[in-house]
Amino acid sequence: MPETILVVEDEPALRDTLSYNLKKDGFAVESVGDGRAALESARKLKPDLIILDIMLPELDGFEVARILRRETTTPILMLTARDDEIDRVVGLEVGADDYLTKPFSMRELMARVKAQLRRTRLLQEELARQHKTTQHATLVFDNLVINLTRREVTLDGKPVQLKPKEYELLEFFAQHKGQMLSREFILERVWGWDFIGDSRTVDVHVRWLRQKIEADAAHPTRIVTVRGGGYRFEG
Ligand code: CA
């Protein structure tokens with residue numbers, strides 16, 4: 001999916017030039033010509049980046065940035081009309097991430113846009129990683145512990161040797177504790193659409209898993225069979 005950019009600029013010629021060049025570079029673009037429309041579009045569209053002129057009808061760019069900053073972390077690239085130190089300082093104070101002084105080249109604008117998007121992407125990846133390691137590092141089911149970060153499983157404190165697909169299947173079960181999961185659903189989610197095989201693959205792996213994590217594999221209490229349906233992980 002292309003990244004979306006909201007262009008806020010009241011000069012039609014510049015607005016069109018910006019839109020044209022951004023679209024040519026593969027971005028989805030929406031453009032508006034005043035501050036109120038900017039707020040509306042930003043809330044509705046949730047763009048990946050906002051290019052925001054300062055001198056605008058209705059609300060000026062500073063005001064728009066100030067309001068949006070309370071609602072979103074979307075990067076804002078401000079366009080200042082002249083090489084005005086005060087505009088830049090105020091722009092950064094109200095929460096703009098970068099600014100460009102008119103006139104600017106499209107090449108420079110593109111470089112700034114891409115730098116901001118890259119920064120946001122890295123930040124989001126970092127946050128996702130942190131979230132995963134701090135919030136969901138381990139899943140504990142009595143004596144069975146699944147370490148999601150290290151992809152390791154212990155039973156009564158002793159490591160359980162699992163093949164990669166056995167581990168993925170166990171993790172999938174653990175993330176859906178108490179839910180009835182059909183063989184087809186498991187196959188699709190653990191093996192993927194392009195897997196050439198059938199639902200017996202799931203049965204075979206469940207059997208292997210049971211031998212490794214059940215107290216009595218012949219009478220499983222962790223991964224139970226749901227008649228006519230599939231499996232349910234009880235914990
Ligand atoms: Ca303007």
Side-chain angles (χ1 to χ4, degrees), residues 1-137 148-149 193:
M1 227 172 64
E3 284 164 307
T4 305
I5 297 181
L6 173 62
V7 173
V8 187
E9 169 60 67
D10 59 326
E11 291 166 46
L14 179 54
R15 190 167 66 227
D16 291 349
T17 307
L18 287 169
S19 296
Y20 172 80
N21 282 279
L22 288 163
K23 280 178 187 162
K24 208 175 65 180
D25 253 42
F27 295 106
V29 181
E30 182 160 316
S31 59
V32 294
D34 69 71
R36 269 187 214 292
L39 286 179
E40 252 170 58
S41 288
R43 286 169 180 153
K44 199 172 68 200
L45 196 66
K46 302 195 186 319
D48 297 290
L49 181 137
I50 301 167
I51 297 175
L52 181 60
D53 186 30
I54 291 177
M55 299 300 284
L56 291 169
E58 304 285 335
L59 293 171
D60 70 17
F62 293 136
E63 201 52 39
V64 171
R66 200 175 282 126
I67 293 167
L68 285 180
R69 252 314 150 257
R70 292 199 291 260
E71 305 172 11
T72 169
T73 56
T74 304
I76 298 173
L77 176 57
M78 277 203 149
L79 306 181
T80 69
R82 55 195 179 281
D83 196 359
D84 187 335
E85 187 68 28
I86 292 173
D87 278 2
R88 281 186 229 165
V89 171
V90 175
L92 296 174
E93 271 174 11
V94 294
D97 297 271
D98 199 1
Y99 59 84
L100 261 178
T101 304
K102 295 178 185 175
F104 50 81
S105 71
M106 279 302 141
R107 215 171 125 189
E108 175 157 29
L109 176 99
M110 287 300 169
R112 301 288 186 94
V113 164
K114 284 171 187 170
Q116 284 302 321
L117 290 172
R118 191 164 52 241
R119 186 185 61 82
T120 314
R121 215 157 34 228
L122 290 174
L123 198 68
Q124 279 165 354
E125 282 170 14
E126 179 61 24
L127 285 174
R129 236 187 337 267
Q130 278 174 13
H131 183 71
K132 204 173 172 187
T133 49
T134 55
Q135 301 292 311
H136 307 291
L148 299 177
T149 313
W193 278 111

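Start at 1 and go down the list; that is how both ligands and their atoms are numbered. Only a predicted model underlies this, so the values are computations on that prediction, with no experimental measurement involved.
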In this structure, CD1 of Ile51 is separated from CG of Asp98 (nearest 0.5 Å) by 11.0 Å

Exactly one candidate in Leu22, Asp48, Asn21, Thr4 meets side-chain contact (heavy atoms from CB on, under 4.5 Å) with Phe27; the answer is Leu22

Does a side-chain N-to-carboxylate-O contact under 4.0 Å join Asp53 and Arg15? no

Applying side-chain hydrogen bond (donor to acceptor under 3.5 Å, both in side chains) to Glu40 and not counting sequence neighbours gives none

inquiry  = Between Gln124 and Arg121, is there a side-chain donor-acceptor contact under 3.5 Å, judged purely by atom types and distance?
reply    = no

Atoms listed for the Ca ion (ligand 1) (protein only, N, O or S, under 3.0 Å, no waters) are Asp10 OD1, Asp53 OD2, Met55 O

All heavy atoms of Ala96 vs all of Met78, minimum pair found to be CB-CG, 3.6 Å

